[in-house]
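Note sheet for the following structure.
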Amino acid sequence: MLLRTHFATDLKNVQTGSKVKLAGWVNSHRDHGGIIFIDLRDKTGIIQLVIDPERSKESHSIGSDIRDEFVIIIDGEVRNRGTGLINPRIETGSIEVIVDNLKIESRSKPLPFTIGDKNVNEEIRLKYRYLDLRDSEAYKTFKLRSRVAIVTRNLLDSLGFLEVETPVLTKSTPEGARDYLVPSRVHHGEFFALPQSPQIFKQLLMVGGFDRYFQIAKCFRDEDLRADRQPEFTQIDVEMSFCTQEDVMNVAEALVKTIFKEAGHEIRTPFRRMKYNDAMELYGSDKPDLRYDMKMVEVSDLFADSTNDGFKNTALNRKKNRIKALKVIGGDSAFSRKILKELEDFVMKFGAKGLGYFQMREDGIKGPLTKFMNEELLKTLVERTDLKNGDLLFIGAGEKKRVWDYMGRLRIEIAKRLNLIDSNKFEFLWVVDFPMFERDNDGNVGALHHPFTMPKSLDEVDDIEDIESVAYDIVLNGIELGGGSIRIHRDDIQKRIFQLLNLTETEIDEKFGFLVEAFTYGAPPHGGFAIGFDRLIMLLAKKDSIRDVIAFPKTQKAQCLLTSAPDKVAIEKLREVNIRVNEKVKN
RNA sequence: GCAGCGGUAGUUCAGCGGUUAGAAUACUGGCCUGUCACGCCGGGGGUCGCGGGUUCAAACCCCGUCCGCUGCGCCA
């Protein structure tokens with residue numbers, strides 16, 4: 001026998017007078033002493049139940065005991081509500097179900113918070129995540145997530161991609177993020193690592209001749225969290241053989257287009273493209289938000305002739321430094337002295353020594369820096385930046401990476417403050433031609449993308465940072481949605497890259513020997529991409545936090561408040577895996 | 001690791017050195033046959049995150065600590 005015949009909102013399409021069986025939660029109840037109203041909720045929505053003692057005395061006596069969030073199962077009859085009794089605020093507001101038989105299936109204690117109340121602290125909502133998920137908006141979000149996963153599988157299947165699962169217990173590799181480690185019971189003192197991505201395995205699948213692979217893969221990185229970063233997350237991982245960068249981009253675009261269509265958005269392909277270097281010079285970011293303009297303008301040459309030694313010396317070393325101007329249309333009136341100070345403090349957090357500015361007024365260009373420039377230079381500056389009355393021009397000067405970074409951040413900050421961002425827009429962009437290597441603050445050379453990326457050339461160059469790679473990122477509205485590259489498929493090139501990354505022969509052999517060896521047995525040229533699945537859903541669902549699109553997310557301290565994981569384990573279990581825990585030592 | 005904000009009734013908040021710590025809502029007892037956040041009358045409910053200090057007196061000031069959020073570092 002069925003426990004229910006319909007979901008709540010199905011009843012819109014049911015003949016009045018039909019006998020139905022319904023099941024769900026009591027969303028709210030209104031007991032008038034005589035008649036009782038219950039709003040019954042299931043995953044589809046709400047339907048009003050009426051319990052009338054004249055119809056069913058027994059149901060009425062059970063019904064008077066009912067409280068919110070009880071789980072009930074009822075038999076009843078669908079009927080139209082009388083005139084003036086229609087509730088336009090619910091989908092089923094013109095009908096109701098008169099109850100003939102009522103069963104309380106499961107009782108509920110008073111809830112710690114009201115279902116759907118978004119003002120409740122996240123801490124309490126995460127502890128009772130199963131209650132938070134009862135909200136219909138959460139259901140909608142996860143329905144979207146499910147749909148996107150399904151269209152992803154269908155599209156990639158239709159393009160000849162094979163879904164393959166790669167190991168979760170795998171090998172720790174030296175580069176990249178911190179690994180989550182899993183002790184081996186069988187091998188004393190040895191550990192598995194959880195994969196940061198299936199990168200190496202998917203390349204080995206190409207060597208295995210699978211030609212086209214995909215996976216909706218869980219990835220793990222033991223790094224500190226952000227609003228859009230969780231320690232375990234999901235990516236759509238794709239790899240293909242005998243392909244060019246164009247082939248990979250076509251697949252990625254087709255996939256993104258299909259996904260957005262499923263979410264109700266028609267988007268145009270192909271996406272715009274921009275070289276990494278242009279992105280940095282114009283927007284100070286490798287993931288520029290193109291929903292608003294505000295490009296940076298190079299003004300080093302003008303300051304080279306200024307009478308301020310600081311600016312002048314910065315300007316003269318064009319290889320190392322930049323002086324960038326950022327125009328804010330109408331910014332002179334929009335930004336008070338106090339706000340200018342706030343913006344200066346803002347950029348100084350990111351290493352700026354200060355923030356210069358010019359103001360365009362009725363009677364000419366003003367500002368603290370005008371005294372260092374002659375009329376001719378000021379005139380050129382106004383022309384080059386197309387400065388109009390009422391505009392403000394910010395000037396950032398210093399080491400180029402630093403200037404790119406803080407002026408890029410300033411651009412975003414100003415766009416937020418002036419409401420320049422159209423939240424309904426989707427601006428896609430391919431950022432291409434990434435550098436192969438990058439030096440960190442200590443001067444150590446690392447791979448910008450990852451060490452399996454094909455360099456455009458390994459010929460001798462002045463600076464290792466000048467070597468470009470066949471790598472590309474998909475950027476949407478200033479967020480890195482995903483990225484990929486053409487990979488190295490030759491053992492000699494792969495070895496050379498590891499050497500340039502200062503790995504010793506022994507390290508290469510121990511950590512990546514199996515990969516390099518695989519390339520000695522006939523490896524096809526290959527490449528691919530990965531898209532951050534959670535971030536993608538977050539954007540489509542217009543959520544501010546990745547936690548809203550993950551069923552059981554972790555807090556910023558990487559804990560699960562629902563299960564209290566991670567947790568201590570019994571000493572016997574530790575002994576079994578040959579681990580002893582040290583006392584906590586401060587510093 | 002660092003910075004900012006927050007932690008007071010089940011929940012959301014007010015109180016910011018001086019009676020017995022309040023409000024709304026939730027909960028609960030009673031009444032109520034057309035409500036839809038039902039209504040009306042009554043009732044109960046607090047480790048003011050935790051520990052220490054200053055003070056005649058601390059939810060309030062100081063120090064430490066824990067937790068949550070946002071960001072920085074970190075995240076090939």
Side-chain angles (χ1 to χ4, degrees), chain A residues 27-40 46-55 60 63-64 67-69 81-90 92-93 96 98 108-128 131 173-179 196-197 199-200 219-231 233 345-346 348-351 405-406 409 413 434 436-438 440-441 444-453 469 471 480 483 485 497-498 501 503 530 532 544-545 547 554-557 559 561 564 586-587:
Chain A
N27 195 62
S28 69
H29 69 288
R30 298 173 288 281
D31 187 343
H32 289 230
I35 203 162
I36 301 171
F37 297 97
I38 291 172
D39 288 345
L40 183 76
I46 281 173
I47 179 77
Q48 175 167 279
L49 309 179
V50 184
I51 301 174
D52 188 336
E54 285 171 20
R55 176 97 176 192
H60 185 263
S64 58
R67 295 293 179 273
D68 287 353
E69 297 305 317
R81 295 198 190 183
T83 31
L85 298 178
I86 288 170
N87 182 357
R89 284 186 301 159
I90 65 171
T92 58
E96 63 190 12
I98 177 80
S108 171
K109 291 195 290 184
L111 260 44
F113 57 90
T114 307
I115 304 287
D117 184 352
K118 289 299 165 202
N119 286 323
V120 177
N121 276 327
E122 215 176 334
E123 193 170 355
I124 194 88
R125 282 166 39 207
L126 287 178
K127 183 175 176 191
Y128 300 97
L131 298 180
T173 52
E175 280 206 61
R178 217 172 277 119
D179 286 319
Q196 296 176 25
S197 87
Q199 181 62 35
I200 294 177
C219 306
F220 306 86
R221 293 178 193 176
D222 186 4
E223 295 295 346
D224 288 334
L225 283 67
R226 291 287 185 280
D228 62 352
R229 252 163 50 190
Q230 282 273 303
F233 62 98
D345 290 344
F346 175 81
M348 284 171 77
K349 279 192 297 189
F350 302 103
D405 182 54
Y406 73 72
R409 290 178 191 267
E413 178 68 17
F434 274 77
M436 182 73 205
F437 302 102
E438 186 184 43
D440 67 17
N441 294 332
N444 300 315
V445 174
L448 189 72
H449 231 83
H450 56 58
F452 318 111
T453 303
S469 66
E480 185 194 327
S485 61
I497 295 295
F498 288 142
L501 291 170
L503 268 72
D544 295 324
S545 163
R547 295 183 297 279
K554 292 180 178 57
T555 67
Q556 200 172 48
K557 283 257 161 62
Q559 284 178 304
L561 294 180
S564 305
K586 192 84 175 154
N587 298 321

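Reminder, nothing fancy here: chain letters follow the sequence lines and each chain counts from 1. Bear in mind the structure is a predicted one, so any value in this text is a computation, not a measurement. Quick note: numbers below take in every heavy atom, side chains included, and nothing from hydrogens, waters or symmetry partners.
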Would you mind pulling out the nucleotide paired to [N], Watson-Crick or G-U wobble, both distances under 3.5 Å?
N	result
B/C69	B/G4
B/G46	none
B/G39	B/C31

- Heavy-atom nearest nucleotide on RNA chain B taken for A/D228 and for A/S197; more 5' hit belongs to A/D228
- Message: I want to confirm an ordering. Mapping A/L225 and A/Q199 to their closest nucleotides on RNA chain B, which one lands closer to the 5' end?
- Response: A/L225
Taking the same atom, [atom1], in [N] and in [M], what whole-Å distance lies between them?
N	M	atom1	answer
B/C60	B/G52	P	13 Å
B/U54	B/G64	C1'	15 Å
B/U35	B/C48	C1'	39 Å
B/A58	B/U19	P	12 Å
B/G73	B/U12	C1'	35 Å
B/C36	B/C75	C1'	50 Å
B/C72	B/A9	C1'	37 Å
B/C56	B/U70	C1'	42 Å

- Message: With a 6.0 Å cut-off (strictly less than), is the heavy-atom count around NZ of A/K118, excluding the residue itself, greater than 12?
- Response: yes
Just how far, in rounded Å, is [atom2] of [N] from [atom1] of [X]?
X	N	atom1	atom2	value
A/D224	B/G1	CG	P	8 Å
A/E223	B/C72	CD	P	14 Å
A/E413	B/G71	CD	P	13 Å
A/E480	B/C75	CD	P	13 Å

- Task: Using a 4.0 Å heavy-atom cut-off, write out nucleotides 3-15 of chain B from 5' to 3' as B (base contacted by protein), S (sugar-phosphate only) or - (no contact).
- Result: -------SSS---
- Base-contact (B) and sugar-phosphate-only (S) positions in nucleotides 27-40 of chain B, heavy-atom cut-off under 4.0 Å, - elsewhere: SSS--BBBBBSB--
Between N or O atoms, less than 3.5 Å apart, protein on one side and nucleotides 44-46 of chain B on the other: list the pairs.
none

- With under 30° as parallel and over 60° as perpendicular, where do the rings of A/F346 and A/F350 fit, or are they tilted in between? perpendicular
- State whether A/R547 places a side-chain N or O below 4.0 Å from either non-bridging phosphate oxygen (OP1 or OP2) of B/G68. no
Quick one: salt bridge (Lys or Arg N to Asp or Glu O under 4.0 Å) partners of [X], sequence neighbours excluded?
X	answer
A/E223	A/R178
A/D39	A/R30
A/E480	none

Going by the rule ring pair (Phe, Tyr, Trp, His ring centres under 6.0 Å), which residues pair with [X] if we only count those two or more places apart in sequence or in a different chain?
X	value
A/H29	none
A/F498	A/F512
A/F37	A/H32

- Note on the structure: Sorted by chain and number, sequence neighbours left out, side chain to side chain donor-acceptor pair (under 3.5 Å) with A/N27 holds for A/R41
Tell me what [X] touches on the nucleic acid: a base, only sugar-phosphate, or nothing, going by heavy atoms under 4.0 Å.
X	result
A/R125	nothing
A/R409	sugar-phosphate
A/K349	nothing
A/F350	sugar-phosphate
A/I46	nothing

- Any Lys/Arg nitrogen of A/D345 or A/K349 sitting under 4.0 Å from an Asp/Glu carboxylate oxygen of the other? no
- Query: Does a distance-only test, which skips hydrogens and angles, find a donor-acceptor pair under 3.5 Å between the side chain of A/R226 and the base of B/G73?
  - Reply: yes
- Query: Any donor-acceptor pair under 3.5 Å joining the side chain of A/R229 to the base of B/C75?
  - Reply: yes
- Validation row: A/I115, A/E69 side chains within 4.5 angstrom (heavy atoms): yes
- Query: Is any side-chain heavy atom of A/L131 less than 4.5 Å from a side-chain heavy atom of A/P112?
  - Reply: yes
- Item | Set of side chain to side chain contact (heavy atoms under 4.5 Å, CB included) partners for A/Q196, sequence neighbours left out | A/A177, A/D179, A/R221
- Message: Could you work out, with side chain to side chain contact (heavy atoms under 4.5 Å, CB included) as the rule, every residue matching A/D544, not counting sequence neighbours?
- Response: none
